[in-house]
Amino acid sequence: MGRGTADHGVAELQRRLVAFAAARDWQPYHTPKNLVAALSVEAAELLEIFQWLTPEQAERVMEDPESAHRVADEVADVLAYLLQFCAVLGIDPLAALAAKIDRNEVRFPAKRRGGEDGEDGEDGEGGEGGAGEEGAEEAVRKAP
């Protein structure tokens, strides 16, 4: 049965996922390796929806109710495994994201209108998504 939006906070969703797994005795299978593998599989299932779409079709994917439902389900699966992974390792996902954004704002400054500032980071990497260790300790907390 559905719950109200008040129950949709990250910590509450994480608590519900942990309780769901515990009620089914799934904890022995919820190892970091297994959870990250499941996360990867679910992310691939999300990718599969978009695999052969043109950019224009991909932008309109949520207009079709069936496609929108599939996308939302896969997003939920990805998020569920990510939250369970974080719970097992004691990572606060919002603190980890905030720390990552803070680092990226320094590493990749905004370009000025003339394009003078904000070149790629000194390490030559363009784009983002790589792992950084600074500030990661801020995101780690005791597992629930």
Side-chain angles (χ1 to χ4, degrees), residues 1-55 57-112 115 117-144:
M1 192 154 286
R3 295 178 179 237
T5 56
D7 290 339
H8 290 179
V10 171
E12 175 60 15
L13 293 172
Q14 216 166 14
R15 186 201 62 73
R16 288 178 60 197
L17 287 165
V18 168
F20 183 88
R24 290 151 182 84
D25 295 322
W26 289 351
Q27 304 98 318
Y29 308 104
H30 282 198
T31 65
K33 180 197 73 72
N34 288 349
L35 290 168
V36 79
L39 172 62
S40 177
V41 169
E42 295 301 339
E45 289 179 8
L46 179 59
L47 174 61
E48 182 181 32
I49 296 167
F50 293 87
Q51 184 174 7
W52 302 113
L53 299 181
T54 66
Q57 290 169 324
E59 289 175 8
R60 294 189 314 269
V61 75
M62 298 305 283
E63 294 172 9
D64 173 57
E66 184 178 329
S67 294
H69 179 74
R70 287 180 60 215
V71 169
D73 269 0
E74 295 306 335
V75 166
D77 288 342
V78 167
L79 185 56
Y81 279 117
L82 180 60
L83 291 177
Q84 290 173 91
F85 177 78
C86 289
V88 166
L89 292 179
I91 297 170
D92 177 337
L94 296 183
L97 178 58
K100 185 68 172 186
I101 292 169
D102 289 345
R103 287 191 310 276
N104 287 344
E105 287 173 339
V106 171
R107 192 171 166 208
F108 303 103
K111 291 186 178 186
R112 294 190 180 169
D117 295 272
E119 299 299 322
D120 284 347
E122 291 180 16
D123 59 4
E125 292 181 24
E128 184 43 42
E133 292 188 21
E134 315 95 44
E137 62 278 354
E138 298 169 24
V140 177
R141 58 171 173 71
K142 285 191 171 185

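Values reported hereafter were calculated over all heavy atoms of this structure, with side chains retained and with hydrogens, waters and symmetry mates removed.
Partners of E48 under the side chain to side chain donor-acceptor pair (under 3.5 Å) rule, at least two apart in sequence or in another chain, do not exist in this structure. Checked against side-chain contact (heavy atoms from CB on, under 4.5 Å), E59 has no partners two or more places apart in sequence or in another chain. Partners of L47 by side-chain contact (heavy atoms from CB on, under 4.5 Å), not counting sequence neighbours: none found. Under the rule for a side chain to side chain donor-acceptor pair (under 3.5 Å), the partners of S67 that lie at least two apart in sequence or sit in another chain are D64.
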Would you give me the side-chain donor-acceptor pairs under 3.5 Å for residues 68-87, sequence neighbours excluded?
residue: H69; atom: NE2; partner: D73; partner atom: OD2; Å: 3.3
residue: Q84; atom: OE1; partner: H30; partner atom: ND1; Å: 3.3
residue: Q84; atom: NE2; partner: A80; partner atom: O; Å: 3.0

Distance-only criterion, 3.5 Å: show the donor-acceptor pairs between side-chain atoms of residues 32-45 and protein atoms not counting sequence neighbours.
residue: N34; atom: ND2; partner: Y29; partner atom: O; Å: 2.9
residue: N34; atom: ND2; partner: T31; partner atom: OG1; Å: 3.4

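Other residues, nucleotides and ligands contribute over 12 non-hydrogen atoms within 6.0 Å of the CD atom of Q51.
A distance of 9.5 Å separates CG of L17 from CZ of R15, quoted to the nearest 0.5 Å.
Of the possible polar contacts, none joining the E12 side chain to the G9 backbone as a donor-acceptor pair under 3.5 Å is found.
R16 is listed as a side-chain neighbour of L13, based on a closest heavy-atom distance under 4.5 Å.
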